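One structure is given below, encoded as structure tokens.
Computed from a predicted model, the values in this text were never measured in an experiment.
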Amino acid sequence: SVVIKIMYYKIGRNGIMDYYIRKAVLEDINEILGIIKDGKQYLKEQGLPQWQDGTEPKLEMIAGDIEQEEGYVLIYQYHICGYASLVRGIDSCYAGISEGKWEDGYPEYLSIHRVAVNSRNRGLGLAKKFMQELIIEAQLLGYHDIRIDTYPRNEIMKKVILNAGFIYRGM
């Protein structure tokens, strides 16, 4: 039998494609690192320790995502404006949780990590659209269990995650 991956694109206002995601390639690295740097600064402005003190995604991590075909970019008006990774397999971050539990069901899951959208496009709802597209891609890859986390005080990201349909499972 033949397996066909069905792709689609969304026509925006005036017949122009608003946004879409694609797998990141090594040529995207500098733009991705700029988005990560921008996100790090935004978190700092919010008073959050997330991605500070050298804990932000680094070149080697992003390159690894791309080599594993797990890195994705968000394209808006023909420019890269977001980055995230869809990491397959067991993630040590989720090995044990407190104040909750995982729902039984699917032994394999996919984790969304390193989500960032540049500040030039803030207020356009692109983080929400990016998350929706990442979930669709995860489903196209055959995953029914998708996990994501963020720093407990990162209210903006928590809102994006919850609005995408994720359910709180614990710390």
Side-chain angles (χ1 to χ4, degrees), residues 5-25 27-52 55-57 61-62 65-66 69-88 91 93-94 109-171:
K5 185 172 182 180
I6 300 171
M7 303 297 287
Y8 76 97
Y9 67 92
K10 184 172 184 174
I11 300 290
R13 295 177 295 280
N14 304 322
I16 299 170
M17 190 181 312
D18 282 334
Y19 65 92
Y20 63 95
I21 67 169
R22 67 166 169 78
K23 284 189 180 180
V25 294
E27 291 80 12
D28 299 331
I29 287 264
N30 288 333
E31 288 179 83
I32 293 167
L33 290 173
I35 290 167
I36 298 296
K37 182 179 178 183
D38 186 61
K40 178 181 175 178
Q41 180 61 35
Y42 186 61
L43 291 168
K44 183 177 183 178
E45 291 167 7
Q46 311 264 333
L48 299 173
Q50 189 176 7
W51 285 11
Q52 306 304 309
T55 60
E56 74 279 2
M61 186 178 286
I62 303 299
D65 289 345
I66 292 170
E69 296 190 7
E70 295 178 338
Y72 288 82
V73 291
L74 173 66
I75 308 295
Y76 175 68
Q77 295 183 342
Y78 308 105
H79 299 285
I80 295 173
C81 69
Y83 179 77
S85 59
L86 297 179
V87 180
R88 298 178 298 270
D91 190 326
C93 293
Y94 306 123
Y109 59 87
L110 184 134
S111 305
I112 301 175
H113 286 297
R114 300 179 267 294
V115 179
V117 175
N118 71 23
S119 62
R120 290 188 313 271
N121 302 110
R122 197 169 291 138
L124 299 176
L126 290 176
K128 176 182 178 180
K129 292 175 181 178
F130 194 19
M131 190 64 62
Q132 291 168 340
E133 294 297 318
L134 291 168
I135 291 168
I136 290 168
E137 182 66 17
Q139 292 170 332
L140 288 171
L141 291 170
Y143 290 90
H144 302 284
D145 185 344
I146 306 167
R147 300 178 185 191
I148 189 169
D149 62 89
T150 192
Y151 186 73
R153 291 190 353 238
N154 189 340
E155 297 301 326
I156 294 170
M157 191 62 188
K158 282 177 19 183
K159 182 178 177 183
V160 169
I161 292 168
L162 292 172
N163 285 341
F166 286 90
I167 299 167
Y168 177 77
R169 288 292 177 203
M171 294 292 287

What pair of heavy atoms forms the shortest contact from [X] to [Y], and how long is it?
X	Y	answer
Gly39	Trp51	C-CE3, 4.3 Å
Val117	Ala127	CG2-CA, 4.1 Å
Ser119	Arg122	CB-NH2, 2.9 Å
Arg22	Asp28	NH1-OD2, 2.8 Å

Atom pair [atom1]/[atom2] of [X] and [Y] - distance to nearest 0.5 Å:
X	Y	atom1	atom2	result
Arg147	Ile112	CZ	CD1	12.5 Å
Ile66	Lys23	CD1	NZ	12.0 Å
Glu56	Leu43	CD	CG	10.5 Å
Tyr72	Phe130	OH	CZ	10.5 Å
Glu155	Leu48	CD	CG	9.0 Å
Ile148	Ile161	CD1	CD1	4.0 Å

If you count every heavy atom of other residues, nucleotides or ligands that lies below 6.0 Å from Arg120 atom CZ, does the total exceed 12?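 No, because the 6.0 Å sphere around CZ of Arg120 holds 12 heavy atoms or fewer from other groups.
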Looking at Glu69, I'd like to know if its CD atom is crowded, meaning that more than 12 non-hydrogen atoms belonging to other residues, nucleotides or ligands lie closer than 6.0 Å.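 Incorrect, the count does not exceed 12.
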side-chain contact (heavy atoms from CB on, under 4.5 Å), that's the test. Do Phe166 and Ile135 meet it? Break it down for me. CA-CA 10 Å; Phe166 286 90; Ile135 291 168; 3.7 Å; yes
Do the side chains of [Y] and [X] get nearer than 4.5 Å, heavy atoms only?
X	Y	answer
Gln46	Asn154	no
Asn163	Met131	no
Ile80	Ile75	yes
Thr55	Gln50	no
Tyr42	Ile156	yes

Take Tyr83 and Asp65, measure what side-chain hydrogen bond (donor to acceptor under 3.5 Å, both in side chains) needs, and give me the verdict at the end. CA-CA 11 Å; Tyr83 179 77; Asp65 289 345; 2.7 Å; yes
With Pro57 as reference, evaluate Ile62, Ile32, Ile35 under the side chain to side chain contact (heavy atoms under 4.5 Å, CB included) test and give the passing residue.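 With Pro57 as partner, side chain to side chain contact (heavy atoms under 4.5 Å, CB included) holds for just one option, Ile62.
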Taking [X] for its side chain and [Y] for its backbone only, find out whether a donor-acceptor pair lies under 3.5 Å.
X	Y	value
Arg153	Gly47	yes
Gln52	Lys40	yes
Lys158	Pro152	yes

Could you walk me through whether His79 and Asn118 pass the side-chain contact (heavy atoms from CB on, under 4.5 Å) check? CA-CA 11 Å; His79 299 285; Asn118 71 23; over 6 Å; no
Can you list the steps and then say if Leu86 with Arg88 is a side-chain contact (heavy atoms from CB on, under 4.5 Å)? CA-CA 6 Å; Leu86 297 179; Arg88 298 178 298 270; over 6 Å; no
Test side-chain contact (heavy atoms from CB on, under 4.5 Å) on Gln77 and Leu124 and set out the steps. CA-CA 12 Å; Gln77 295 183 342; Leu124 299 176; over 6 Å; no
